[in-house]
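Reading through the structure tokens given below for one structure.
Keep in mind it's a predicted model, so treat the numbers as computed, not measured.
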Amino acid sequence: MDVREEKIKEKGASYIGGYYDVAVIGAGHAGAEAALAAAHLGLETVLFTINLDAVANMPCNPSIGGTAKGHLVREIDALGGMMGKVADKTFLQSRILNRGKGPAVYSLRVQSDRRAYQQEMKYLIERTENLDLKQAEIVELVLEEGKVSGVITHTGAFYGTKAVIVATGTYLRGKIIIGDVAYPGGPDGMFAANRLSDSLIRAGIKLLRFKTGTPARVNRNSIDFSVMERQDGDEEITPFSFETQDVGKNKVSCYLTYTNEETHRIIKENLHRSPLYSGKIEGVGPRYCPSIEDKVVRFSDKPRHQIFIEPMGENTDEMYVQGMSSSLPEDVQIKMLRSVKGLENVKMMRTAYAIEYDCADPLQLYPTLEFKDIPGLYGAGQINGSSGYEEAAAQGLIAGINAARKTRGENEFVLDRSESYIGTLIDDLVTKGTHEPYRMMTSRSEYRLLLRQDNADLRLTPKGYEIGLISKERYNKFLEKKKTIEEEKERLESKVIPPSKEVNEFLERNGCTPLVTGAKLSDLLRRPQLSYELLAEIDKDRPQLSRFEAEQAEIQIKYSGYIERQMRQIEGFKKLENKKIPKGIDYLSIGGLRLEARQKLASSMPLSVGAASRISGVSPADISVLLIYLEQLKREENSKNLSHKESEE
């Protein structure tokens, strides 16, 4: 037995299972993207899951995308991630949400075939080069000299690794709660991971306790859809992936119904049995996705709440009751379900439940998602305090990229909040922290007019190509698309439409003022009553563009004034973001900083002045003091360098 093997056995391992560049703990949406990214970048990668049947599981709802979340999925795809492609292959229904609003908040959402999605993602992982998928619970994180060196499984196998990505979802010391019943468990009846938390605490990681919930699942055959509002998908389907050619068709409908006075009466009369109000639940739940009992209490003035009935898959009669997440006792759940119109005779197949779990305080992370005090250890997904499949997948992709790049000695990859929703998500987590499960929303981005889902490829595909996750073939097609859009914008800005009987009849028919002199096509397009499609009637020699190229040209011209204004805002943002803060600054000794600011800055250790300005408790006055201090440091450094140069001469 060599010295290394002896040390490993001292850690509790019984044998060496193998060596890898990157190990990923957890194969949910974060873990899957992290492992695939690292493997696609050429790193020998191992992906551990507590159960192979839980790979890419959807325990909370069978959908991908939604408000702001759809932006994340398209950004993941633009960078070379896989969630969008798998969602395109396995969707049951596709819709763009917020069509009645501006393009900045359009959000794609698909109803997925839950099992088909899982199977497709698992199969993709299984056939990816450089990637091994293993069923095992990781119980110990192994550190040597403060750095990650490996992990140990529940069966005693040690796997050596240069980087570890923790993507444990809601499994860490998971506890299922239904009324007075509580027991250790993970989502959908899986085992909880009860030992890894202790190892993380021993490594010095501060853990938080959060909770989330799921609604009941019911049998389709016990639902009266005739009294519900039917919701169909879009006739013209938009894919998540910019590479998807064969979009497919909608296969199912979803349905909308509502709670009522009786539902609310049942809930209110049983609040004393709710673990949410009795104190049985200790974890902090998501404010923006509350349980039905929480909705009824917090929004007591509302006579009803929306309930969406959505299919779990094409080959099952199991239906998901979105909007009725609950931890009330099972008998109360049945009563409140049967009080809803169309669910009077419903049969419950899976009881709704709350789940408590451990997660790490994200203030312990760099924007690369590496833990500040443990080189080589990364967090992704719910371990970082976020909620949602899409938020998890986005973090998994970034963690996988950075683990791979660090292992190969390359520069870190960080997206800032002016470039993407992914950058906004991560920046919010690592600079502001979170006291509840974090959910992405369009309102969280101050640059949302630029960060639209339709232009995610224009913003991020060059970065994905530079990283190595976008193929040369895809990149060339992207460049062709970009050129086509630019050429069409130039044509629209230069071509003048003279006044004529035909043109003015067209304009009056569409509620516009007729022309007296010639007008550029771009100026006509900026009129709110007109669109690129409508202008085809008087724009006789327009080139053949794809639907998405035409959409992009139209949006960029129609909203050019707003876009230019936001670009100027970003210039100001970049100035502060580019002012880097040297590591190791003693904030507690900086005179002029308020005590709270000193403590917050010392705890967070931001990498730039921009990041420092977004820390809760740091005021504009504190930033002014910090800028003066950094300028003094710079002068002192320049003076030292000059003195050193003169002494050498």
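- Using a 4.0 Å cut-off between charged side-chain N and carboxylate O, Lys575 and Glu571 make no salt bridge.
- Distance CD1/Ile292 to OG/Ser326: 8.0 Å, rounded to 0.5 Å.
- In this structure a side-chain-to-backbone donor-acceptor pair under 3.5 Å is present from His29 to Asn57.
- In terms of heavy atoms, Gln364 sits closest to Asp361 at NE2-O, 2.8 Å.
- Figure legend: cation-pi geometry between Lys574 and Tyr447 absent, as NZ or CZ is not positioned both under 6.0 Å from the six-membered ring centre and within 45° of its axis.
- Under a 4.0 Å N-O distance rule, the pair Glu75/Arg459 qualifies as a salt bridge.
- Between Thr168 and Gln382, every side-chain heavy-atom pair lies at or beyond the 4.5 Å cut-off.
- The cationic group of Arg444 does not satisfy the cation-pi geometry with Tyr421, failing either the under 6.0 Å distance to the six-membered ring centre or the 45° limit from the ring axis.
- Tyr320 has its ring centre no less than 6.0 Å from the ring centre of Phe308.
- Rounding to the nearest 0.5 angstrom, the gap separating the OH atom in Tyr171 from the CG atom in Asn194 is 12.5 Å.
- Side chains of Thr424 and Met440 form a contact here, defined as non-hydrogen atoms less than 4.5 Å apart.
- The CG atom of Asp457 sits 9.5 Å away from the CD1 atom of Ile470 when rounded to the nearest 0.5 Å.
- Partner Asp428 forms a salt bridge (Lys or Arg N to Asp or Glu O under 4.0 Å) with one of Arg417, Arg439, Arg614 and no other, that one being Arg417.
- Looking at Glu293, its side chain does come within 3.5 Å of a backbone N or O of Ser327 through a donor-acceptor pair.
- By the 4.5 Å heavy-atom criterion applied to side chains, Met121 and Leu36 are counted as neighbours.
- Arg405 pairs in a salt bridge (Lys or Arg N to Asp or Glu O under 4.0 Å) with only one of the listed residues (Glu370, Glu410, Glu466), which is Glu410.
- Two residues are said to be in side-chain contact when any heavy atoms from C-beta on lie closer than 4.5 Å; Tyr106 and Asp454 fail this criterion.
- Formation of a donor-acceptor pair under 3.5 Å by the Gln395 side chain with backbone atoms of Glu391 is found in this model.
- Across Ser418 and Leu451, no two heavy atoms sit closer than the pair O-CD2, 3.4 Å.
- In this structure, Pro582 and Ile585 have side chains that are in contact, with non-hydrogen atoms separated by less than 4.5 Å.
- Here Phe48 and Tyr159 bring their ring centres to under 6.0 angstrom of each other.
- A donor-acceptor contact closer than 3.5 angstrom links the side chains of Ser199 and Glu140.
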